[in-house]
Every structure is written in structure tokens, then in C-alpha cells.
Amino acid sequence: MAPILNYLQPKKLTAILSVLSLGLFSQLSHADEWQKTLDQAAGDTVYWHAWGGDVRTNDFISWVGDQTQALYDVKVKQVKLSSTSEAVTQVLAEKAAGQNTEGAVDMIWINGPNFLAMKQQGLLHGPFVDQLPNAKYLDLSPNSAAAVDFTEAVDGLEVPWRLARFVFIVDSDRVKNPPSSMAQMLTFAQQNPGRLTHPVISNFMGTTFLKQALIELTPDPSVLQQSATQENFATASAPLWQWYDAIRPYLWRQGTSFPENEAIQQQMLSDGAIDIAMAFDPAAAAAGIASGLLPPSARVFVPNQGSLGNISFVAIPYNASHIAAAEVVANFLIQPETQAHMQNIDVLGSFSVLDTTKITHQHSMAFAALPTSKALPTLVELGPTLLEPHASWTTQLKEEWSKRYSQ
Amino acid sequence: MMFFRNWPKWAMLAILVMSILIPVVAGLGETTWAAFGILPALGKHSFSLEAWQQLFELPGLATSVRLSLVSGFLSTSVALILALFGCAWVHSSSHRPSLLNKLKPFATPLLVPILAAPHAAVAIGLAFLLAPSGWLARLFSPWLTTWQLPPDLATVQDLWGLSLVLGLVIKELPFLWLISLVALKQIEVSKQLSISHSLGYSTANAWYKVIIPQLYPLIRLPVLVVLVYALSTVDMAVILGPNSPPTLALATMRWYNDANVALLLPASAAALSLGLLMIASVLFWEITIKVIMAMTKMMTRIGGRGHPWKFASGALATTLPSILILGLLSLVVLAIWSVTWRWSFPDALPTSYSYAYWLKLISKWPLALQHSITLALGSSAIAVVLSVAWLEVQDRYGGHLSRLTLWLIYLPLLVPQIAFLYGLKVGFLRIGLNGGMGAVIWAHLLFVFPYVMLSLVDSWRALDQRYLQVAASLGTSSWGCFWRIKLSLLLQPLLLAWAIGMAVSIGQYLPTLMMGAGKIESLTTEAVSLASGADRRLVGVYGLLQAAVPLLAYGMALLLPKLIRLNRLK
């Protein structure tokens, strides 16, 4: 009984009360703070630098702008890039010129290596993620997918907005039984010489293909979560090169030439020049069919063991002109209604990044009511998500591949 | 006292230094520092040769260099030879009622669309034409080839870079041909040909020994521009060239675009190497041409009247129309794609059509189009005025700018844009220029000015001075000479140089994006970012739109002088 009685001692009671009121107060101040952000943001335009190669994404961004303008008087202007590094260079040039405020880039669609580079160079604003009211719908526990970007801690410097999963695309009219593992991919290539290829290794998707094979073939995948050194790289990657040596002669053009990026590769699938394409979006086939870029019989598949997955984020440069407005847009992106709209296959078909246990029942119903498509896999069909290896593995894979196969 | 008398010369020099030279040096400066390990924004402050070591250790570097050289020299020589042959054909007096001769009046108008279309659009069209899954294969499949699926053949992106050479020839031939035709107006071709004929030379021999030695000095600089472009192109190499390893220009671009910003250092070393490679190539080309000219002179002295060119002219007579047809078909196929929804192999024509992209664009492109036109008009007008002012000042006050200055002005063409623009951006920001129309026009000017100057300078200097002497002796003032004689006699080359400037400006992607801080969207910034998604239908729509503005400019350049002449004759 004694401990309970202890709580009733006046001194402690005051302490408890003060802790409670502090919590209440801090919540109030959070709301106040956010109201301040909203007031500051009103009337501003956010220059969102984002890769512009996908019409559906561009349309979604322009929809976001319409919404934030109506709700918060914040306009969004997409600066369409052909490569995310163009935005990084812009911020870097501003830093070099000593322009530490009033920068031209307000928000960047970013992840993985570009994020790492900007974080290391101190080019990002934040941490700001936990100040966003809608952050409560995210799972931000230390090792969760939304808190780690290519093994690099997010540290509140970027907000997740769409889920990316590595998938293969086939024309189901031509390929009835797609390979179920990367080892099976070799058998497939041998049976169908010249019908398989991957994007160039300097391209993100080209290295993803190698990483997927590495994870499946390496003796101990947990090594990949540490930095790559000369020794662990040699051991871990040996089976990969054995596999690649075997598959290369059966690749399109005997593995001497490769499509420049995934979009070109999908075009080759559509032209019938190859049988398997790749994408970092489970909705790629459904979206491709809807926009006429892929045949109606296009379907996605993933290896049985699962496939690489990561999350697309938005980050705000340290010298952005409209930081408050960018935060408002970032917060809008993780609003459950926004995520449900985005997951609609008629819009983007990208899976939501929200924690399903944290959203309300009403929100869950909205997600459940979304239209389906034959070409859109369910989360169950997608299987487990494999973790991205540490960024140093990508660098080493690129270098080693070039040494071996680029004359 | 000399200084005061020659003040226009010094004023002109000051303007050139301020507007062109300083930005160029600033742009190049940052790259040079970075190549030697100094990039303060990345926390690199000490001199090091590591970047060069990294560059030289790059696997496939030798292949990349070889690919660049082969595609550069081969495409330039082939385009030049075909252009000269084309001129000879246009000037030939044969009136045999052959199909080719009937086509003669249409030759120039047919060149213009290819000239006006962006490099990337022509490349994508050509790739679709030639690929094993492309239009030619579709036209003959499966009924002739029995192909139900496209075969695995290297008809584009071949390892030797031959399809890249073809693409470059298709795009550069019209440029050289038109420039040569304009330059030929200063040579009395028919008179010289008939004299040569009376001396027993065949037409082919007369062109080889008499006309071309006079013509080449007039088109020397444009030819060098073509060579430099071919060595540095990324737009065409990425679509038509081999990619593993790619040309040096594309390899450099990839380094610059890598997510790992530390690679900016070896990328800068690669950019400088590419610049040096281009300078070496230009020198090698110049020496080779001098040797060929000397040999031609020797042959002329020997006085042979034989006809050794019969075989060659037969080959050229088939190659020339084939190249033009391929170029035009590339544009036709893009036009078809712009109204396509789906087009599956092996259908000869689209499976389903749609105007969706055109409709969608109508709501979006007016602003982009307006920006593109403002930028192009602004930068090309300034470039023409600067070029003319410079040339006129030199005519009046004598003295040429030093060779070094000339090279510096051409530097923006010799260094990969991405390498040069980073430094320029830093420089612009330091003087407080950011994101405005003015900054973008200025950046465009750095690329437009060399082209305009290069296209104009040979024709300007070749102007027959006797006209001016006669006018002066009749009491015309130097301003009168300038307005009424020089500008009117040089109207065609001036307009052509302006139109080339327009086309160059319309095609600028990175300068618009970077100097405009992403806030000034143009047709090209829209087109290039969308093209990275490889949707041929969009490329079709934007490619045609991008071609439209230069098409009008070239049309004016070619038609206006004729209209003015007609008007005077009335």
C-alpha cells in the first residue's frame, strides 16, 4: 500500500500535476507554433524541385498545389528536373556564393544517395519532421522504414511521401511463368537469349538490379547493412559476379549495351524488344497501361524472397526562401486524405507511407475503398521488403562492375 | 592621343570583356579549381591531383576518347563532303528531266525543318526509325521479315558509334549546306565554272580545284563549330551512341549527375580533358585541311584534266538524298508519334490515336513558349549587334583582337555546359543576379554569341572591298557605307546568323534551368525533363513545338532578302 500512498503525498501530486500541465502546455504551444507556421506561409509559393519525367507525378504535384492554395493560400510550383542532382548543384552553388538565405530551392523530392550527400554537406533545413502535425500518422521509431533512408538515419531532415518497391514488369501474354528468384533469372535468360537486360549501371535502376541479385545471392545479407570494405565486399559479392558472368552472354546485345534508364527499358518492353522491364513503383504496370505506354497485358512480379524497397522523401534546403510554406506542403503530403488520393490507381497508385495502426478507422475505410486494377499487386502479393544496403555498397558495385565489364 | 582617337575600339573591347569574357573566365575558373581539388562548398581547400588520378583510372576511358574522336571527325568530314557536293548539285546547270533535278528548287526548303528541329528530337526520331523494333522494321514485318518480335540487332547504339555518326551527319549537313550556299553568293560560281569548262576542266574537277579552295575559307569557322559540337554532344550521344562505356562527353555528364557530390572533382577534371581534346582536335583538323589544300594546289599546278571523281560523285549522289530522306522521315515519325496513343510492334501505323498531349499542352505551353521566344529574341539580337559592332569597329579602327581573346570567346563551346555553368552560377550569385530573365538572357548570350559570330565573320571579311571604295569615292560617309552597303549586301548572312542564334537559344536547357533558378520555364526545360521519361509521344509534341520557332526564323532569313530584292526591282 505504501507506494500508492506515496503518490498521494502533496509534493508528488504537485509534481505530477505540473508534468501533466506541462504536457498540455507544450501541446498547446505546438498548435500555436504550427499556427505561426501557417500564418508565415500564407501567400508564399513553394518551388518544389522534382524529377519531371513522369506525367502522372507532375499532375499529382500540380493537384497538391491546387489543394494547398485553397486550404492554406500556399502555391506550389514544380521545377521539373531531368536529374535530382541539378537541385543539389543549385544549392551547392548558392552555398559557394555565400547565399545562405533566400535560396531558390524550397523543397526537393529526394532519397538515398542525394539525401546522404546533402546531409553530409550540411545543406538541409531541420530537423523539422516532428513539428508537423501529421507526423503523428508516421512510424518514426528509430529503425522503421520512414526513419532510415538507405541505412542513413533521417534525423527529422526529410518527410516520407511515397513508398517505392523494386518490381519487375512482364507482358503476361508473352511470359507466362516469370522467374521467381534472381537465380531463376539466369535460367530464364538462357532459355530466352537476348530478351533480358537492365539499365546502365551508372543509373539508379541498374545498380538496384545488381543490389537485388546481391542480396539474394550473398552468403550473409546482414553484412550489407554495414559499410563496405575491401575485404567484406570481395567475399560478399563473389557469388554475384559468378552469376553475372554466367548471365551476361544471354543478355540483350550480349550485355555490351544497355538501356539508359528504366523508362527506356519499359519502352523496349512495350516495343517487344525485351521481355522483362524494371521499376521502383508497384503501380508501374497499371500506370503504364493507363497512359498507353505499356500493353494491357503488362503485369508486375517480385522474386519470392521479396524485393528492395525504400521511401521517397521531400527535404528542405538550409537556405530555402519559403521554409514555412514548404513545411506546410510537406505536412499536407502526409495527410491521410492526400495519401489515399495518391494511392488511387487512377492518380498515382503509389502506396501510402502512413502507419496503418495510427490512422483512424474512417481513414482506413477510405484506403480500403480505393479502386483496384488487375495490374496492381496487393501489398501481400508484393511480399517482404528487403532493406537497402549501406550506400557504400552501391559505390563499390558500380566501380567493380565497370572494372569487369566496361572496356 | 591614340587612345582618344581609337575610343570606340576600346569601348567595344570593354563591352566584350565585361559581357562575355569575364563570365567565361569565372565559369571556367571554378571548374579548374575543382579539377585540382579545390571546392570550398564541399569543404575541399587544398591542392591535389587526386581528381586526375581518379579520371585516368576510370575503366574504359580510352574507349570513350576513341568513340568521341571517331564520331567527331567522321561525322564532320562526311557532313562537309556531302554539303559541298550538295552545293555543286544546286549550282549544276544540267536540265535533264530527272527526278533529282525536279527536286532542286525544293532542296533548300527541305533542309530547314531538319536544321530547326532540336538535336534530341532528331535523334529520337532516327532511333525509332532504325531500331530493330523501329518503323522501317515494322513496315516490312512480319510479311517480309517473318519477325513477330524484333530481333536483337545493333542497328542503333552500335559499339562503333556509327549510328551516332549518322545522326550527327543528318543534323549537321543542312547547317553546312545552307552556310555554304550563302557563302557561295560571294563567289561568281557560274562564271568561274564556264571559264573552267572552256579550259577543259570537268564540272567536278572545277569544283575541286577552283570553287572549293575559295569556298572553304568562308565556311572554315562553321565547320569547326560542327566538329566541336560533335565532340561535345550529350543530347545525341545518349540516344544514338553506345553507353558502356559512352563517349567522353556523356561519361563526364554522368559524373556530374551522380548523387555522390564528391565526384564533382573528377567530373571537373574530365570536363577540362574534354576541352583540351576539342582544342587538340581543332588544331589537328586545321593542319589536315592545310595539307589537303596544299596538295590540291599541287594537283592544280600539274594541270590534269582527268575526271577522277566519277565514282565518288556516283556514291555521293545516292548518299546525299538518303541522308536527307532519313532526316525528314525522323521528323515525320515524330509527328505521327505526337498523335499516337499506342503503337505496337509490328504494326506499320499506330494501333490507336489520341490528341490528348496536344490538348493538354495548349493549356500549359503559352507561358513556356513566351519565355522561349523572349529569351531567343533577346539573346540573338544582342549577339548580332555585338558581332556587327565588333566587326565594324575593326574595319574602321583596324587591329584584331588577339588570338587568345578569340579562343576565350569560343570557350563556352569547348567545355561541357554543366562544368562551365556551376562556376557561372556562383559568379552570378556573387554579383546578386539570380533567377531573373536578364540573368538567363546573359547566360544564353554566352552560347549564342560564339555561334552568331562564327557564322558571320567569314562572310563579313570576304565582302568585296571595292564596293566600299567606290561608295567612298562617290562621297558616301562611313555610316552610309555601313548602313547602305555593308548591311544590305550582308543581309542574308546576317539574317542567317541571327536565325542560328535563335535556334541555339531555343535549345538551351541547363543555362535556362540553372540561371533561372528553375523559375523560368521554357519549351526546352519542359521538354528535356519530360524526355528523361522517354515518352515518344511527348517528345513528338515538344520536338515539333521547339522546331517551330527556329523554323520561322530560318524561313525569314531565307525569304526576307528575296522579298526585299523583289521590292527594289519594282
Side-chain angles (χ1 to χ4, degrees), chain A residues 47 49 51-55 77 79-90 92-99 104-105 112-114 116-117 121 174 193-195 200-202 204 252-253 256-258 260-261 263-264 266-268 270-273 291-293 295 395 402-403 405-407, chain B residues 30 39-43 58-60 63 131-133 149-150 152 154 157 159 238-239 242-245 254 256-262 264 341-342 344-345 352 354 422 425-430 434-435 509-510 513-514 517-519 521 525-526 528-538:
Chain A
Y47 286 89
H49 288 235
W51 180 68
D54 177 37
V55 179
K77 192 101 178 54
V79 176
K80 300 191 185 94
L81 307 176
S82 63
S83 160
T84 303
S85 61
E86 288 159 3
V88 182
T89 311
Q90 176 91 24
L92 207 59
E94 287 172 354
K95 188 184 172 195
Q99 189 177 22
V105 185
N114 282 307
L116 181 69
Q121 299 301 330
R174 289 207 303 271
R195 308 291 303 167
V200 285
I201 296 302
S202 59
F204 171 67
W252 180 73
R253 301 263 181 93
T256 57
S257 193
F258 303 92
E260 190 62 22
N261 54 44
I264 304 263
Q266 286 172 29
Q267 189 176 63
M268 289 166 69
S270 179
D271 286 344
S291 55
L293 287 171
T395 314
S402 300
K403 263 185 219 155
Y405 307 109
S406 184
Q407 320 79 10
Chain B
E30 292 285 336
L39 192 57
L42 291 183
L58 178 75
T63 315
S133 60
L149 286 175
D152 185 5
Q157 297 196 298
L159 297 183
V238 74
I239 295 153
N243 55 24
S244 181
R254 280 188 185 163
Y256 267 104
N257 277 342
D258 200 286
N260 183 359
V261 283
L264 280 177
W341 185 246
R342 264 201 73 71
S344 314
F345 189 88
S352 50
S354 160
Y422 172 77
K425 171 91 195 166
V426 174
F428 271 22
L429 285 171
R430 285 204 178 120
N434 189 22
Y509 169 67
L510 273 180
L513 181 76
M514 282 188 72
K519 292 180 183 174
E521 55 183 14
T525 59
E526 291 280 301
V528 173
S529 58
L530 282 167
S532 61
D535 186 339
R536 292 184 189 117
R537 303 166 303 181
L538 271 169

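First the proteins, then the strands, lettered A, B, ... as listed; each starts at 1.
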Discussion item. Please classify the contact between A:Pro193 and chain B as side chain, backbone, both or neither, with a heavy-atom cut-off of under 4.5 Å.
Written reply: neither
Worksheet entry | Side chain, backbone, both or neither of B:Arg254 within contact of chain A (heavy atoms, under 4.5 Å) | side chain
Practice prompt. Between chain B and each of A:Ala87, A:Ala104, A:Ala96, count heavy-atom pairs under 4.5 Å; write down the option with the most.
Written response: A:Ala96
Item to complete: Answer yes or no: is there a donor N or O on one side and an acceptor on the other, between the side chain of A:Arg195 and the main chain of B:Asp152, under 3.5 Å?
Response: no
Discussion item. I'd like to know if the side chain of B:Arg342 and the backbone of A:Gly292 have a donor-acceptor N/O pair within less than 3.5 Å.
Written reply: yes
Item to complete: For residues B:Leu513 and A:Leu81, determine if any side-chain heavy atom of one lies less than 4.5 Å from a side-chain heavy atom of the other.
Response: yes
Discussion item. Could you check whether any side-chain heavy atom of A:Gln121 comes within less than 4.5 Å of a side-chain heavy atom of B:Leu42, counting everything from C-beta outward?
Written reply: yes
Discussion item. Rounded to the nearest 0.5 Å, what separates atom CZ in B:Arg536 from atom OG in A:Ser270?
Written reply: 7.5 Å
Item to complete: Give the member of B:Leu538, B:Leu149, B:Val238 that has the highest number of heavy-atom pairs under 4.5 Å with chain A.
Response: B:Leu149
Response to the item:
Highest number of heavy-atom pairs under 4.5 Å with chain B among A:Ala273, A:Gly272, A:Ala93, A:Ala117 belongs to A:Ala93
Worksheet item: side-chain hydrogen bond (donor to acceptor under 3.5 Å, both in side chains) with B:Tyr256: which residues, sequence neighbours excluded?
Response: B:Ser268
Practice prompt. Spell out, as yes or no, whether a donor-acceptor pair under 3.5 Å connects the side chain of A:Tyr47 to the backbone of B:Ala517.
Written response: no
Discussion item. Quick check for you: among B:Ser133, B:Ala154, B:Pro132, B:Ser344, which has the greatest number of heavy-atom pairs under 4.5 Å with chain A?
Written reply: B:Ala154
Worksheet, complete the sentence: The reported gap from CG in B:Leu159 to OG1 in A:Thr256 (rounded to nearest 0.5 angstrom) is 4.5 Å
Response to the item:
Bottom line for A:Lys77: the part with an atom under 4.5 Å from chain B's heavy atoms is side chain
Item to complete: Rounded to the nearest 0.5 Å, what's the gap from CG on B:Leu58 to NZ on A:Lys403? Could you check?
Response: 11.0 Å
Worksheet entry | salt bridge (charged side-chain N to carboxylate O under 4.0 Å, His left out) evaluation trace for A:Glu94 with B:Lys425 | CA-CA 8 Å; A:Glu94 287 172 354; B:Lys425 171 91 195 166; 5.1 Å; no
Fill in: A:Val79 and B:Glu521, any side-chain heavy atoms less than 4.5 Å apart
no
Worksheet item: If you measure from CZ on B:Phe345 to CE on A:Met268, what distance do you get to the nearest 0.5 Å?
Response: 13.0 Å
Worksheet item: Is it the side chain or the backbone of B:Leu510 that comes within 4.5 Å of chain A heavy atoms, both, or neither?
Response: side chain
Worksheet item: Would B:Asp535 and A:Gln267 count as a side-chain contact (heavy atoms from CB on, under 4.5 Å) if you check the C-alpha gap in whole Å, the side-chain angles of each, and the deciding distance to 0.1 Å?
Response: CA-CA 8 Å; B:Asp535 186 339; A:Gln267 189 176 63; over 6 Å; no
Practice prompt. Please test A:Glu86 against B:Tyr509 for side-chain hydrogen bond (donor to acceptor under 3.5 Å, both in side chains), starting from the C-alpha separation and ending with a verdict.
Written response: CA-CA 12 Å; A:Glu86 288 159 3; B:Tyr509 169 67; 3.0 Å; yes
Fill in: Under 4.5 Å from any heavy atom of chain B - which part of A:Gln266
neither
Worksheet item: Should A:Ser257 and B:Asn243 count as side-chain neighbours, where that means a heavy-atom distance under 4.5 Å?
Response: yes
Worksheet item: Does A:Thr89 reach the side chain of B:Asn257, with side-chain heavy atoms less than 4.5 Å apart?
Response: no
Worksheet entry | Listed partners of A:Phe204 passing ring-ring contact (aromatic ring centres under 6.0 Å, His included), at least two apart | A:Phe280
Item to complete: Please tell me if the side chains of A:Arg253 and B:Gln157 come closer than 4.5 Å, counting only heavy atoms from C-beta onward.
Response: yes
Worksheet item: After noting the C-alpha distance and the side-chain angles of A:Lys80 and B:Glu526, does the key distance pass the side-chain contact (heavy atoms from CB on, under 4.5 Å) rule?
Response: CA-CA 7 Å; A:Lys80 300 191 185 94; B:Glu526 291 280 301; 3.0 Å; yes
Fill in: Interatomic distance, A:Ile201 atom CD1 to B:Ser244 atom OG [nearest 0.5 angstrom]
8.0 Å
